[in-house]
Amino acid sequence: MKKNNQKLWGGRFSAPTDELVEEFTASIKFDRRLYAEDIAGSIAHARMLARQEIIPAADLKPLVDGLEQIREEIVSGTFEFSVALEDIHMNIESRLGEIVGLEIAGRLHTGRSRNDQVALDFRLYIRRQLLAVEGLIVDLIKVLVDKAESNLDVIMPGFTHLQQAQPVLFAHHLLAYVEMFKRDSERLADCRKRLSLSPLGSGALAGSSFSLDRESVAAELGFSGVTANSLDAVSDRDGVAEALFDFSLLMVHLTRFCEELVLWSSVQFNFISLSDSFCTGSSIMPQKKNPDVPELIRGKSGRVVGSLVNILMTLKSLPLAYNKDMQEDKEPFFDALDTVVGSLRIMAPMIAEMRLNDEVMASQAGAGFSTATEIADYLVRKGLPFRLAHEVVGRVVGFCEAEDLLFTDLSMLQWREFSDLFADDLLALLAPLDAVNAKDLYGGTARAQVCVQIALLRKYLGSVLV
Ligand code: ARG
């Protein structure tokens, strides 16, 4: 097939484009990812033009058939992309001319500019991809809820400052991440709402002098309405920036989790074992099993946050309306999207296959005087002001540390040397599991409360999983 690389805007030019310029300004290498949205947008536009009698009714079928043929050519890999044709819009339009003839193909772009065309394509693309990411987040949430539910008896030390603080249920710890991921998914859905107005009909910047039916095109493409200001519509990239922030925060949440997986799988913690199929070895140290996957997710988060900064810097100080700078909006989004999708996809099976060393976790849960707050609360219930109770238990901890003893090693006589409020009912509080189940307030780590949350999350999953 002989390629027609004739510029679609060549009329006023007398010299050919410099090859370096062609290469430098072309976006086809990356914006070809918008082909499906570009074709869907063109078909809807063509139908509307025919309905409004702006183009001859007889032209509609060849236009639609031609565009569908192009879609098939792209899907099957036979479409020949050309850098000289700059971007996905002109590659497709030029090919359409080859298929249906310039007379008919030349009518498609009536009442449209590449500026409202690319704004439309990218909105459609982002909406579709955000929905897919929301689905992947929900898949991960389901794995976490399953893991929490099947390990309801596992207790572990809860940390502040990475120092042992109070014992918690392992399930409670996992569900903390579920809350983050749930918010991440809601944020993406919220972002899609603001991407639900169609910019088509905004033209290059000023609107259109044809009697376009903007609403019907918008409805056909699944939008809920049309944009209100043509200047804004062709230069608004808020959705890209918002989506990249949402991706960034999602990645930050993933890095927090991954950091814990790296720590927990170390010999020093030994809380979990990641499946062999999710780890790699060392080329020199035969004993090594490295948690590469969580490390790499942690590392890749930088690309996503970098993409957010990238789009914000691209948009900063841009005068209205469209500027070529805006072509730089796509690569950061694509790269961030690929990173997020790759990370979520691998995270779910890695968590599903991870094994817990519950005995180590449980023994650590009781170490470090982790029930001290419980004992102070006990004194408070016996009438001592909290600050004084804190002081008393602090002294017990100091004594135990000096004597290398645990709370459970002390006799009642020894306890009573610190306060005569201590009595035999204290003994029911000293085990970590007792401390866990004492936190029986909504949102706390008691088993009953964690079960409440699991039930709520099952309901949530039921409403979002189709
Ligand atoms: N490839 C361009 C982009 O992604 C399409 C819009 C070009 N518009 C223009 N007036 N040059 O931004």
Side-chain angles (χ1 to χ4, degrees), residues 5-13 16-42 45 67 70 74 79 81-97 106 108-129 195 198-209 221 227 229-241 243-244 307 310-337:
N5 280 337
Q6 194 79 40
K7 299 274 184 284
L8 298 177
W9 41 254
R12 62 104 68 207
F13 287 80
T17 317
D18 188 292
E19 256 179 51
L20 280 175
V21 173
E22 217 158 61
E23 185 69 35
F24 190 69
T25 55
S27 53
I28 188 61
K29 280 202 203 96
F30 49 88
D31 69 10
R32 63 174 71 179
R33 284 170 71 148
L34 302 178
Y35 79 88
E37 284 73 17
D38 196 72
I39 290 171
S42 286
H45 183 65
L67 286 163
I70 293 172
I74 295 177
F79 189 93
F81 290 101
S82 154
V83 169
L85 289 169
E86 202 176 316
D87 58 25
I88 186 65
H89 324 295
M90 292 195 291
N91 267 266
I92 289 176
E93 197 183 319
S94 167
R95 175 74 185 125
L96 189 62
L108 173 64
H109 210 50
T110 313
R112 189 176 69 169
S113 153
R114 270 188 299 152
N115 295 351
D116 56 356
Q117 187 177 0
V118 73
L120 175 92
D121 294 359
F122 207 18
R123 278 172 192 230
L124 286 171
Y125 182 85
I126 295 173
R127 280 169 28 143
R128 179 162 66 90
Q129 298 299 337
L195 286 167
S198 167
L200 221 51
S202 301
L205 73 163
S208 176
S209 49
L221 292 170
T227 52
N229 182 298
S230 59
L231 291 166
D232 175 52
V234 292
S235 64
D236 166 23
R237 297 293 184 275
D238 289 5
V240 186
L244 286 174
S307 293
N310 186 337
I311 186 69
L312 291 174
M313 285 303 97
T314 300
L315 296 176
K316 181 186 169 294
S317 312
L318 281 189
L320 288 177
Y322 178 86
N323 298 272
K324 187 74 169 180
D325 314 44
M326 288 176 166
Q327 183 167 285
E328 289 290 307
D329 60 355
K330 290 168 205 69
E331 282 172 293
F333 183 80
F334 294 151
D335 188 72
L337 174 69

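Remember, it's 1-based here, ligands and their atoms both numbered in the order they're listed. Below, each value reflects all heavy atoms present in this structure, side chains not excepted, and no hydrogens, waters or symmetry copies.
When the heavy atoms of Gln327, Met326, Arg114 are ranked by distance to atom 11 (N) of ligand 1, first place goes to Arg114.
Rounding to the nearest 0.5 Å places CD1 of Ile88 at 6.0 Å from CG of Asp38. Note that the CG atom of Leu200 and the CG atom of Leu221 stand 7.5 Å from one another [nearest 0.5 Å]. Within the model, atoms CZ of Arg33 and CZ of Phe122 stand 9.5 Å from one another, a figure rounded to the nearest 0.5 Å.
Side-chain contact between Asn91 and Ser82 is present, with heavy atoms from C-beta onward closer than 4.5 Å. You'll find the side chain of Met313 stays beyond 4.5 Å of the side chain of Glu328, heavy atoms only.
Close approach to Asp87 involves these atoms of ligand 1, each under 4.0 Å from a residue heavy atom: 1 (N), 2 (C), 5 (C). Per-residue contacts place Ser27 under 4.0 angstrom from the following atoms of ligand 1 (heavy atoms of the residue considered): 1 (N).
Polar contact check, Tyr322 against ligand 1: a nitrogen or oxygen pair lies under 3.5 Å apart.
For Lys330, every heavy-atom contact with ligand 1 shorter than 4.0 Å involves the side chain, none the backbone.
The nearest heavy-atom contact from the protein to atom 10 (N) of ligand 1 is Asn115 OD1, 3.1 Å.
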